[in-house]
Each structure stands twice: as C-alpha cells, then as structure tokens.
Amino acid sequence: MPNKERTHETPFFYCLYFPYALYPFPMGKIWSIKTPDQRIARRISRKTGCHPVTASVLVNRGLEQEDDIAAFLYPSISKIDTFFSLKDMDSAVVRIAEAMAKQQKILVFGDYDVDGITSASIVWWFLREAGADADIYIPHRIEEGYGLRPSHVKDMFVPGKIDLVITTDCGSGSHDAVLAANTAGIDVIITDHHDIDHLPAACAVVNPKRKDCTAGLEHLAGVGVAFYLLVCLRKHLRDAGFWDNAGENNASEPNLKSICDLVALGTIADVVPLVRENRIIAKTGMDVINASPRCGIRALIDACGISKPILDTEDLAFRIVPRLNAAGRLDHAMTAARLLDTTEADTAASLASIVNTLNAERQRIEQAMQQKISAYLAQEDELDRFKTIVLADTQWHQGVLGIVASRLAEKFFRPVVLFAINDGVAVGSARSVPGIDLFESLSRCGHLLEAYGGHAMAAGLTIKGSNFKEFRQAFDDCITNAYPESVFSPTLEIDCTLDFDRISDTLANELLMLAPFGEENPEPIFAAQNIVVRHARIVGGKHLQLTLSQTGSQTGKILPAIAFNVDPDKALPKGFEKIAYRLRWNHYNGKQKLQLLVEAMDGDLK
C-alpha cells in the first residue's frame with residue numbers, strides 16, 4: 001500500500017550492505033545554451049523597455065505576452081483565483097466551522113520537515129486567533145515515524161478527548177489511522193500534497209493530487225494547501241457572520257498576509273515549482289520577511305550571521321531551512337515550531353541557538369556518513385553495474401538519510417536510496433534526479449516494501465532487511481528498463497551568451513525582478529568565452545576568488561568573480577576557454593558591487 005505508515009517488524013538481518021552503481025567520479029555537465037527567438041525578445045524589449053538579455057530570459061521562461069510578463073514581474077495575492085477550486089474544500093471548512101462553533105477540541109497534526117512544520121503552524125495560529133480550542137502535534141521522526149498512525153488515535157486522541165484532527169503535509173496514506181479515528185468517533189480532515197492512489201475514509205481529503213481533483217494545483221506544497229484551507233475557512237466564517245461577534249467569540253479576523261512568510265518558507269523548503277500560485281506566495285512571503293521578520297526568523301537570521309539587507313530564496317533554502325530541519329532530524333520538530341510561533345525575542349534567541357547547535361551536529365553526522373561512503377567508493381572496482389545508488393548501514397542516523405541521499409543524487413546524477421537498519425527493519429529515504437519519477441519506480445517494487453510514500457523527486461520507504469538484495473536489484477532494473485541513457489547525463493542549462501561588455505547595473509537589477517528563483521524558475525545562467533584570469537587566490541580553504549576580463553572586450557571591463565568548492569590543491573588558472581556564471585550583487589560592509597558567481601569553468605588555460 002503506497003503510504004508512509006512505517007511498520008516495525010523484526011526480520012533477521014545481520015549484514016552491512018553497500019550495493020550501488022555509479023561512476024567513481026562525477027561526470028561533467030553537458031552545456032546547453034538556449035536559443036530564444038530574438039524576434040520575440042526584441043519585441044518584448046521594445047514594449048517593456050527592458051534589457052535585451054532580460055527579454056531573452058523571459059522568452060526562455062515561456063513568457064511572451066505582455067499580460068503574462070506583467071503578472072510574472074508583479075505577482076500579487078489578489079491575482080490568485082484558484083482558492084476555492086480544491087476538491088473537498090467545502091466539506092473541510094464546514095466541519096472546521098462546526099467544531100469552532102461548538103468549541104470542540106481540534107488537533108492539528110503535522111510533519112517534521114519545514115513544509116510540515118509551517119503547515120501545522122499556520123493552521124494552529126489561525127484557529128487560536130479565531131478563538132478555537134486547538135492544539136498542535138508533530139510526531140518524533142525516529143520514535144514515531146511519518147504520518148498519522150492508529151497508535152496516535154489510541155494513545156493520544158481518545159485519552160485527550162479530541163473531536164477533530166486536521167492533518168497538514170501528511171495523511172494521504174493513513175488509511176488504518178483514519179479508520180481507527182472513525183471507530184472512536186473522531187473526525188479527520190486531511191490536507192496534503194503527496195501522491196495518492198486511493199482516498200482514506202476521512203470526512204475531507206484536500207489534496208490537489210487526488211485523481212478526481214481538477215484544480216490544476218499539483219505544484220502546491222503542503223503549506224500551500226494549508227494556506228488555501230485558511231483562505232476558504234476565513235471566507236466561510238466571514239459569510240456566516242462569525243467575525244461580527246468577534247468580541248463575544250474571543251476572536252479576531254486573522255490577517256493572512258502576516259503568515260505568508262511561513263507559507264513562503266515551507267514552499268521554498270519543499271523545492272516545489274516556483275511558478276504560478278507558488279511564485280506569488282513565495283514573493284509575497286519574501287516581502288514580508290524582508291519588511292518585518294517575525295521573532296523566530298529574525299533570531300535565525302542573527303544565528304546564521306546573515307548581514308545582507310535583503311534576503312533571497314537562497315538564504316532561506318541553504319541557511320534558514322537546514323537549521324529548522326535539524327530540529328526534526330536530530331531531536332524534535334516542535335522546537336522549530338515553537339521558534340516560528342513565539343513573539344518573545346528572548347525565547348526566539350534561545351530556540352534559535354538550540355537549532356543552530358543541532359544543525360552543527362547534523363553537519364558533523366552528515367560529513368561522517370559521506371566520508372564512509374566515499375571511502376567505499378574509492379575501493380570498489382565494479383561501480384558501473386547499476387544505474388542507482390542503494391546503500392544501507394546499521395550505524396547511520398535516520399534523520400540525515402534524506403539530505404545525504406540528495407547530495408549523492410546531485411553529485412552522481414542518479415536515484416539514491418539510503419537505509420538505516422535497526423532491529424532488522426530498514427527505514428530509508430530516497431531522492432531522484434529530473435526526469436526519473438521516484439514514486440512511480442517505487443510503486444513497481446511495492447511487493448518488496450512494507451510501506452512507502454512521497455512524490456517524483458523524494459520518498460520515504462521501509463523494507464524488511466531480508467528483502468534488501470532483492471529490492472536493490474528490482475529497483476535498479478525498474479530504473480534501467482524505464483528510462484533512456486540520456487536521463488543520466490546532467491545538463492547545465494544556460495540562458496544565453498553574455499559578454500562582459502553587455503553587463504551593467506541596470507541588467508543586474510532587472511534580473512532581480514525575475515526572483516524568487518527556484519524549481520522551474522531558475523536563476524539565469526550565462527556563458528562567456530575567452531576569459532583571462534588577472535588574479536586568483538584560494539579563500540576560505542576551498543573557494544576560488546578571481547578577477548576576470550575577456551579577450552576582445554572593447555571596454556576592457558574587469559569583473560570580480562567567485563567559484564565555490566573547488567579543489568584547493570589544483571594549480572591556479574590563467575584563463576578559461578569558457579565559463580558559465582550567474583550575475584549577482586555582492587553586499588559587503590554596507591556596499592554592493594557586481595560579481596560573477598562561476599558555476600562551471602571549461603578549458604583551463606595554463
């Protein structure tokens with residue numbers, strides 16, 4: 001059954017396995033330079049007054065009409081017209097409103113990643129603002145696992161006299177738990193965004209991926225679905241005159257824009273496509289964060305040492321999100337939930353310090369895992385037998401499997417499954433690469449799995465240890481037979497060639513208008529040829545700081561550049577045949593200057 005309700009049987013399993021297949025060194029990316037229709041680009045540039053390069057990038061993003069371009073460049077929550085289109089939304093808001101009117105006990109049940117934490121947090125906040133009798137619960141990753149379980153009904157909901165459970169970012173596979181709740185007279189409303197085959201017997205299942213939902217909102221994160229629920233619930237309560245008696249209800253009509261920061265945080269953390277509604281939500285939330293960050297986010301910014309005046313999605317994805325996730329990975333996600341919920345600066349600072357320490361420990365554990373894997377890869381002679389990486393270890397920490405799998409998938413460009421073994425049960429996290437549907441591939445191996453769930457790029461699964469070898473072979477066969485060789489060749493997508501003479505402050509500022517960047521709206525990457533290195537040095541132990549010019553330049557423009565995570569023992573370059581780069585503003589000591597962030601270098605000139 002495709003779900004994440006992991007069972008804990010204890011089959012015989014005694015061996016540490018390292019089966020996988022991959023090349024011993026990561027393959028270089030294939031450079032793919034797009035060729036946008038210059039006729040259309042010139043028309044866009046002429047009509048909007050934007051730089052021709054900006055116009056080319058817009059064409060590459062499929063934006064050619066003025067109305068579409070305006071909506072993309074100036075996103076607004078008011079332009080979302082799909083709030084009331086999700087299947088079962090009506091049933092969900094009616095049941096919640098009934099529970100509020102009767103002062104029934106409501107429990108918001110979330111997940112332990114940032115999408116799940118933010119989802120549960122915003123629903124819990126709304127219900128409290130509206131005067132409801134509501135509480136929040138997020139399960140412990142290691143002790144309880146993912147999702148709603150029958151044990152939660154028996155051990156928590158019934159003794160706690162809960163009347164209504166609202167799941168966020170989970171529940172689509174919780175069939176047994178929902179049946180147990182029904183038997184106990186407890187209603188369940190599921191809000192989720194994970195793949196779903198058949199529906200649990202809940203009083204409402206709000207999931208854009210259910211087969212009978214025609215809303216076209218499959219790209220929403222779990223927090224996006226939860227936000228849609230709150231928009232619809234607020235309107236339902238408003239139409240019913242609920243807010244007219246707000247004083248009597250000890251309630252006030254919640255300002256939903258104030259939680260867009262958390263909606264953006266969860267959306268960016270879950271790496272869903274930043275298009276359409278997600279782009280609007282992310283942009284609105286980033287504006288809220290940069291205008292007036294809540295206590296918890298302000299404390300995280302300080303803990304990270306971020307000093308730039310304006311945060312971007314990269315700051316959230318690579319600095320804020322890992323710290324919040326560390327709580328759920330190594331300890332309990334409620335620490336992160338309390339951090340995002342508190343309005344006390346001292347409390348926020350204390351909790352931020354805790355998650356910062358947990359993140360440092362997560363990095364240490366992750367590094368040790370990667371070193372162990374790398375040591376094995378270095379001595380393996382037959383690494384090209386499979387198209388997948390499948391590893392298991394009795395010593396690995398279950399909380400960091402996903403992030404290590406992500407790094408391996410990115411480095412070796414193939415699906416990765418990592419298992420932590422405990423009492424003969426292998427609990428795993430899987431990550432994929434673009435073009436390979438992980439959930440579908442796992443479903444074909446379903447007869448070997450105790451439980452599984454997720455989506456195309458990420459999944460969780462549990463197997464018996466005795467099925468490990470068979471699963472490894474079946475999973476690899478499935479991937480090998482279903483996908484062509486080309487999907488295993490990583491591609492570096494480049495928007496266009498951009499010579500140094502065409503770079504300007506105006507262009508850099510226009511490119512910022514294309515943000516927030518993320519999945520399906522990547523930050524533009526450009527290419528330039530015949531690059532001269534005027535100065536180079538290693539900084540921070542592994543980063544290459546450069547001063548570059550371009551042969552044939554008519555202006556003689558010289559630009560600073562940085563390339564991260566290079567081999568510090570390699571001889572410093574004199575030049576390159578070509579580079580791929582992002583154009584960035586570098587903020588330092590209250591000043592900003594243009595800088596190239598070098599993504600790839602080819603043809604090292606000695």
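Everything numeric in this text was worked out from a predicted model, so none of it was measured.
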Donor-acceptor under 3.5 Å ([X] side chain, [Y] main chain):
X: Arg362; Y: Val400; result: no
X: Asp88; Y: Val206; result: no
X: Arg39; Y: Asp37; result: no
X: Asp315; Y: Ile320; result: no
X: Asp270; Y: Val272; result: no
X: Arg431; Y: Ala409; result: no
X: Arg234; Y: Pro254; result: yes
X: Thr313; Y: Phe517; result: yes
X: Arg61; Y: Pro522; result: yes
X: Thr284; Y: Ile280; result: yes

Any luck finding a side-chain donor-acceptor pair between [X] and [Y] under 3.5 Å?
X: Asn509; Y: Trp585; value: yes
X: Asp169; Y: Ser119; value: no
X: Tyr228; Y: Thr191; value: no

Quick one, [X] and [Y] - any side-chain contact, counting heavy atoms below 4.5 Å?
X: Phe109; Y: Pro139; value: yes
X: Ser56; Y: Asp495; value: no
X: Lys87; Y: Asp212; value: yes
X: Val223; Y: Ile281; value: no
X: Trp31; Y: Lys578; value: yes
X: Leu311; Y: Ile297; value: no
X: Met457; Y: Glu519; value: no

request  = Check the angle between the aromatic planes of His455 and His193 and answer parallel, tilted or perpendicular using the 30° and 60° thresholds.
outcome  =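 It falls in the tilted class, 30° to 60°.
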request  = Report the relative orientation of the aromatic rings in Phe526 and Tyr581; use parallel for angles under 30°, tilted for 30 to 60°, perpendicular for over 60°.
outcome  =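 Because their plane-to-plane angle lies in the 30° to 60° range, the rings of Phe526 and Tyr581 count as tilted.
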task = Starting from the C-alpha separation in whole Å, work towards a yes-or-no answer on side chain to side chain contact (heavy atoms under 4.5 Å, CB included) for Leu418 and Leu408.
result = CA-CA 10 Å; Leu418 299 181; Leu408 290 172; 4.2 Å; yes
Pairing of [X] and [Y] as salt bridge, 4.0 angstrom limit:
X: Glu523; Y: Arg584; result: yes
X: Asp197; Y: Lys211; result: yes
X: Lys29; Y: Glu599; result: no

key: Heavy-atom closest pair, residues Ser441 and Ile436   =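 Minimum heavy-atom separation between Ser441 and Ile436: OG-CG2, 4.5 Å.
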inquiry  = Show, in sequence, the C-alpha distance, side-chain angles and deciding distance for Val114 and Thr118, and conclude whether the side chain to side chain contact (heavy atoms under 4.5 Å, CB included) test is met.
reply    = CA-CA 6 Å; Val114 172; Thr118 53; 4.1 Å; yes
For the [atom1] atom of [X] and the [atom2] atom of [Y], what is their distance to the nearest 0.5 Å?
X: Asn278; Y: Ile268; atom1: CG; atom2: CD1; answer: 10.0 Å
X: Leu300; Y: Ile306; atom1: CG; atom2: CD1; answer: 8.5 Å
X: Leu262; Y: Phe227; atom1: CG; atom2: CZ; answer: 11.0 Å

task = Only one of Pro200, Ser172, Ser174, Cys170 passes side-chain contact (heavy atoms from CB on, under 4.5 Å) with Leu148; say which it is.
result =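 Looking at Pro200, Ser172, Ser174, Cys170, the match for Leu148 under the side-chain contact (heavy atoms from CB on, under 4.5 Å) is Ser174.
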Stepwise side chain to side chain contact (heavy atoms under 4.5 Å, CB included) test for Asp111 and Thr168 = CA-CA 7 Å; Asp111 184 22; Thr168 63; over 6 Å; no
inquiry  = Distance to the ring centre below 6.0 angstrom and angle to the axis at most 45 degrees; does that hold for Arg279 and Phe72?
reply    =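 Yes, cation above the ring, under 6.0 Å and within 45°.
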inquiry  = Run Thr388 and Arg414 through side chain to side chain contact (heavy atoms under 4.5 Å, CB included) and show every step you take.
reply    = CA-CA 6 Å; Thr388 58; Arg414 59 196 60 217; 5.9 Å; no
